[in-house]
2 protein chains.
Amino acid sequence: MVRRTKAEAEQTREQILDAAEAVFLERGVARASLEEIAQVAGVTRGAVYWHFRNKADLFDAMYCRVHLPMQDLFDQVMTLADGGAVEALKAFCAQSLQCLATNSRRQRVYTILFHRCEFVDGLRESNNRLVAIRDSWLGSMEDLFRREQSLGRLTDVCPRLAAITIHTAMIGIYFDYLRSPHTYDLPAEAPRLIDLVFRCVD
Amino acid sequence: MVRRTKAEAEQTREQILDAAEAVFLERGVARASLEEIAQVAGVTRGAVYWHFRNKADLFDAMYCRVHLPMQDLFDQVMTLADGGAVEALKAFCAQSLQCLATNSRRQRVYTILFHRCEFVDGLRESNNRLVAIRDSWLGSMEDLFRREQSLGRLTDVCPRLAAITIHTAMIGIYFDYLRSPHTYDLPAEAPRLIDLVFRCVD
DNA sequence: TACTACATACATTCGCGTTTGTTTGCCATT
DNA sequence: AATGGCAAACAAACGCGAATGTATGTAGTA
């Protein structure tokens, strides 16, 4: 069986990405072999090298699959300029955690990002892109808090520090939850956690 | 030159640990070879295998070198039972960040822990130990907040959630700072950051 | 027919764990 | 106080597997 139709080829690509998630999660990105990924996907390394240049390219594609929808949602939240911006941000954070707790793909991919990869060698550029996303999100949140201040709210906290606090708080929850998910009941605790976190910018 | 005195052997051990820090940081733990570590330390792999069983053992020793002093300090802070416990915890957190910003060894080791290693295969047991430390610290902080409640403070927040919030906030700051240190002025911002974080348990 | 979408084969590199060899510090014995 | 033996503290060599990138083969499709 060779030379599938375009749709079949796209399906093969998705199978390889699914396999990459599983193998990265189990072995870690560095020790994961493209051979094993191919086997899990039911193909050979030839197929992997056809769809992706190398392991780093595969990694990027895997990450994009879960990041792009979230990026869209974030942009949507940030562009609303009315008074309830902080509440909208808060809702976004809560929903993000809820999604993390229920969507197993997001769970796998973010576990890989936080606990199963080393950003050196081939993944240096991937890391640069992640840092750029961080800077962008941080900047957007800082702008949000600055706008809030111009409306007379939050007069006693620096917008940048507020943004950093919220950002690092979310990072910390992601990191800690994905390290030991069984110690959390995230669907139940997420709202109260977010409430606590946002008390510092209230 | 073989068979050094005990003091010289201990110095060799320290040199190997120093080299491991440097190589782990540059290549990541998985892609770091014991050969390169030995070279940087000015010895051969024979010396490395004499002092450590394997890479994971070397990793553990490297981590212990920075963790044990901090653990002592934490225990000291937690055992004081008077009324200023939260303030003491707050001071500990601030000092922890200050130390991270100024102590280059701590910076290297925690950068490795957060961004340069995959906790799979040989590092699974190391990870278990890290999780055990987390559980212990979290438990201590929960006890602290519970004691605080029995004194009539913080009556509106769950002690466990308060502990999780502080813990994840610190984790997040560590993670984010070590990912892009140049975007922070940690010595200057640490106190204000900690102030903001602790507003949610005040 | 030309190109896509793979499979197969090849060459090379690299790192690990172990084993063996060597020299010297240290301690018991006389 | 001298000495002999043992083990510490490494160095050097061996054997092995495993993974990567590329090059080539091949069948179906448009």
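Note that the structure is a prediction, hence the values are computed from the model and not measured. Below, read A as the first sequence line, B as the second, and so on, with proteins coming before strands; counting in each chain starts at 1. Just the heavy atoms: all of them, side chains too, but no hydrogens, waters or symmetry mates, feed the values below.
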Practice item. Would you mind reading off the distance between A:E14 atom CD and C:dC6 atom C1', rounded to a whole angstrom? Key: 17 Å
Check your understanding: Once you round it to whole Å, what is the distance between C1' of C:dC6 and CD of A:Q39?
Key -> 16 Å
Review point. How long is the line joining CD of A:E8 and P of D:dT29, in whole Å?
Key: 8 Å
Check your understanding: At under 4.0 Å, does any side-chain N or O of B:T5 touch on OP1 or OP2 of C:dC26?
Key -> yes
Point to revise | Phosphate contact (D:dA9 OP1 or OP2) by B:H51 side-chain N/O below 4.0 Å | key: no
Review point. Salt bridge between A:R116 and B:E118, side-chain N to carboxylate O under 4.0 Å?
Key: no
Point to revise | Interatomic distance, B:R13 CZ vs D:dA8 P [rounded to whole Å] | key: 16 Å
Review point. Nearest-Å distance, CZ (A:R27) to C1' (D:dA18)?
Key: 13 Å
**Study point:** Other residues, nucleotides, ligands: >12 heavy atoms within 6.0 Å of A:R106 CZ
**Key:** yes
Between the protein and nucleotides 13-20 of chain C, list every N/O to N/O distance that falls short of 3.5 Å.
{"unit_1": "C:dC16", "atom_1": "OP1", "unit_2": "B:A32", "atom_2": "O", "d": "3.4"}
{"unit_1": "C:dC16", "atom_1": "OP1", "unit_2": "B:L34", "atom_2": "N", "d": "3.4"}
{"unit_1": "C:dC16", "atom_1": "OP2", "unit_2": "B:L34", "atom_2": "N", "d": "3.4"}
{"unit_1": "C:dG17", "atom_1": "OP2", "unit_2": "B:Y49", "atom_2": "OH", "d": "2.4"}
{"unit_1": "C:dG17", "atom_1": "N7", "unit_2": "B:R45", "atom_2": "NH2", "d": "2.4"}
{"unit_1": "C:dG17", "atom_1": "O6", "unit_2": "B:R45", "atom_2": "NH1", "d": "3.4"}
{"unit_1": "C:dG17", "atom_1": "O6", "unit_2": "B:R45", "atom_2": "NH2", "d": "2.7"}

Point to revise | A:H167 side chain vs A:D135 backbone, donor-acceptor pair below 3.5 Å | key: no
Practice item. Rounded off to whole Å, could you give me the CD1-to-C1' distance for the A:I37 and D:dA19 pair? Key: 12 Å
Practice item. For the pair B:S136 (side chain) and B:A132 (backbone), establish whether a donor and an acceptor sit closer than 3.5 Å, ignoring hydrogens and angles. Key: no
Review point. Can you tell me how far P of C:dG25 sits from CD of B:E10, to the nearest Å?
Key: 18 Å
Check your understanding: Taking only residues two or more places apart in sequence, or in another chain, which ones meet A:R192 in a salt bridge (charged side-chain N to carboxylate O under 4.0 Å, His left out)?
Key -> none
Check your understanding: B:W50 has a side chain; which of C:dA7, C:dC6, D:dA8 sits nearest to it?
Key -> D:dA8
Review point. Quick one: are the ring centres of B:F175 and B:H115 less than 6.0 Å apart?
Key: yes
